Visitor: 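Sharing a structure, written as structure tokens. Questions coming.
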Protein chains: 2
Amino acid sequence: MSDYEHTCLIRGDGGATLREILDQICNKWTLLVVATLDQGRLRFTDLHQQIPGISQRMLTLTLRNLERDGLVAREAYAEVPPRVEYSLTAVGKSLIPPALALAGWAIEHVPHIEASRAVYEPRTKAAQRS
Amino acid sequence: MSDYEHTCLIRGDGGATLREILDQICNKWTLLVVATLDQGRLRFTDLHQQIPGISQRMLTLTLRNLERDGLVAREAYAEVPPRVEYSLTAVGKSLIPPALALAGWAIEHVPHIEASRAVYEPRTKAAQRS
DNA sequence: CCGTATCCTTAGTGATACTG
DNA sequence: CAGTATCACTAAGGATACGG
């Protein structure tokens, strides 16, 4: 594959849908929820507790989107108190490896990036103070 | 690696920085800019034209962040009219494969996701109209 | 327990105008 | 050419309260 094709790929030149899906996956919570569900079948409350910082609202919204896209299966039991279990579908599971690749890259380069940030100072106003 | 470790990875349990970096990469423009720069050295205007829909402002901000994180090198020539060229650093280039993995996944599953969306209807208000 | 509804704050984004 | 500055707007996200 040529470099130019790389560009087109990530751009999603094949249609607006690709960008849309990519954006959806890369948002604040989606990868997190998918990663957490990689452990197996989990209830709403379990997810809420295991994902630090997520609000009920965002968990619900994220789960709805994942369900709509067929990455997560939702199963509600007609019991009282209610019980709902979420799990990854086959497609959802297939997201794990590429997601892991990205996470792996990030982990590997955290030191470099932190070092780079440490020495960086905005060019335009470098001499503004002191 | 265990499933639980997967979760921790993507979560960025190793510190807040990881989540931060992941978020940064996954935002609306970063991957796009990196992918475009994969073609080689480009000027500001070239980038602006090759990335459909990006504003000057967002291009500038994205480039600054990438520069700060050491993924992109900026070289300004003291000429008139001014000329500034951007290129990927080694670290920046190393982002391409994992990014491509994600893009590849998305492309592969677009049909499935679109099909899933087509049949999806929100549960709670399924019978609200008509 | 598992959500939905509502309000509110703020970060992200775009448009425009201006400068070295 | 390559930005910066400013304004205005939108949508994402969080907090809270309530409902099935």
Side-chain angles (χ1 to χ4, degrees), chain A residues 16 19-20 22-33 36-37 41-68 72-87 121-128, chain B residues 16 19-20 22-33 36-37 41-68 72-87 120-129:
Chain A
R19 277 305 313 276
E20 211 177 293
L22 230 34
D23 283 357
Q24 179 98 45
I25 289 166
C26 284
N27 72 21
K28 197 172 180 187
W29 300 113
T30 303
L31 273 185
L32 220 43
V33 170
T36 305
L37 278 175
R41 209 175 182 69
L42 287 175
R43 302 180 58 164
F44 186 89
T45 307
D46 294 333
L47 282 167
H48 194 198
Q49 287 172 354
Q50 290 198 31
I51 300 176
I54 198 171
S55 63
Q56 258 190 352
R57 173 184 158 78
M58 290 320 294
L59 180 53
T60 302
L61 287 179
T62 306
L63 285 170
R64 289 295 162 275
N65 285 333
L66 287 170
E67 190 191 357
R68 182 191 47 149
V72 157
R74 177 184 190 273
E75 192 157 8
Y77 299 86
E79 304 170 355
V80 43
R83 179 164 57 102
V84 179
E85 290 182 350
Y86 294 92
S87 55
E121 59 186 84
R123 284 186 329 288
T124 51
K125 304 192 177 177
Q128 86 178 17
Chain B
R19 278 304 314 274
E20 214 176 292
L22 231 32
D23 282 357
Q24 180 98 46
I25 289 166
C26 284
N27 70 20
K28 196 172 180 184
W29 300 114
T30 303
L31 273 185
L32 220 43
V33 170
T36 305
L37 278 174
R41 210 174 181 70
L42 287 173
R43 302 179 59 163
F44 186 88
T45 307
D46 294 333
L47 282 167
H48 195 199
Q49 286 170 355
Q50 290 199 32
I51 300 175
I54 197 170
S55 63
Q56 257 190 353
R57 174 184 158 77
M58 291 320 294
L59 180 53
T60 302
L61 287 179
T62 305
L63 285 170
R64 290 293 164 277
N65 285 333
L66 287 170
E67 189 192 356
R68 183 191 46 146
V72 157
R74 178 186 190 270
E75 192 157 8
Y77 298 87
E79 302 172 354
V80 44
R83 180 164 56 101
V84 178
E85 289 182 350
Y86 294 92
S87 56
Y120 178 83
E121 58 185 85
R123 285 186 327 290
T124 50
K125 304 192 178 178
Q128 86 179 19
R129 54 139 209 79

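Reminder, nothing fancy here: chain letters follow the sequence lines and each chain counts from 1. In this text the structure is predicted, and so the values were computed from the model without any measurement.
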Visitor: Out of D:dG3, C:dG3, C:dC1, which nucleotide sits closest to the side chain of B:T60?
Guide: D:dG3
Visitor: Please give, in whole Å, the distance from D:dG3 C1' to B:R64 CZ?
Guide: 8 Å
Visitor: Judged by atom type as modelled, is there a donor-acceptor pair below 3.5 Å linking the side chain of B:N27 to the main-chain atoms of B:Q24?
Guide: yes
Visitor: Check the phosphate of D:dC1 against B:Y86, side-chain N and O only, distance under 4.0 Å to OP1 or OP2. Yes or no?
Guide: no
Visitor: So B:T45, base contact, sugar-phosphate only, or nothing? Heavy-atom distance under 4.0 Å.
Guide: sugar-phosphate
Visitor: What string of B, S and - do you get for nucleotides 8-13 of chain C, 5' to 3', when a contact is any protein heavy atom under 4.0 Å?
Guide: -----B
Visitor: Determine whether B:L32 and B:W29 make a side-chain contact, defined as any pair of heavy atoms from C-beta on separated by less than 4.5 Å.
Guide: yes
Visitor: Please report the distance, rounded to the nearest Å, between CG in A:D46 and P in C:dG3.
Guide: 12 Å
Visitor: Measuring to OP1 and OP2 of C:dC2, would you say a side-chain N or O of A:R74 lies under 4.0 angstrom away?
Guide: no
Visitor: In whole Å, I'd like the distance from the CG atom of B:L59 to the P atom of D:dA5.
Guide: 16 Å
Visitor: Give the rounded distance in Å between these two atoms: CZ of B:F44 and P of C:dT19.
Guide: 18 Å
Visitor: Just to be sure I understand the rule, does A:E79 reach a base, reach only the sugar-phosphate, or reach nothing, if contact means heavy atoms closer than 4.0 Å?
Guide: nothing
Visitor: When the nearest nucleotide of DNA chain C is assigned to B:Q56 and to A:E85 on a heavy-atom basis, which residue is associated with the more 5' position?
Guide: A:E85
Visitor: Please tell me which of B:R43 and A:I54 maps to the more 5' nucleotide of DNA chain D, matching each residue to the nucleotide holding its nearest heavy atom.
Guide: B:R43
Visitor: By the definition side chain to side chain contact (heavy atoms under 4.5 Å, CB included), identify the one residue from B:Q56, B:Q49, B:E85 that meets it with B:F44.
Guide: B:Q56
Visitor: Answer yes or no: is there a donor N or O on one side and an acceptor on the other, between the side chain of B:R19 and the main chain of A:K28, under 3.5 Å?
Guide: yes
Visitor: Can a donor-acceptor pair be found, under 3.5 Å and without considering hydrogens, that links the side chain of B:T30 to the backbone of B:C26?
Guide: no
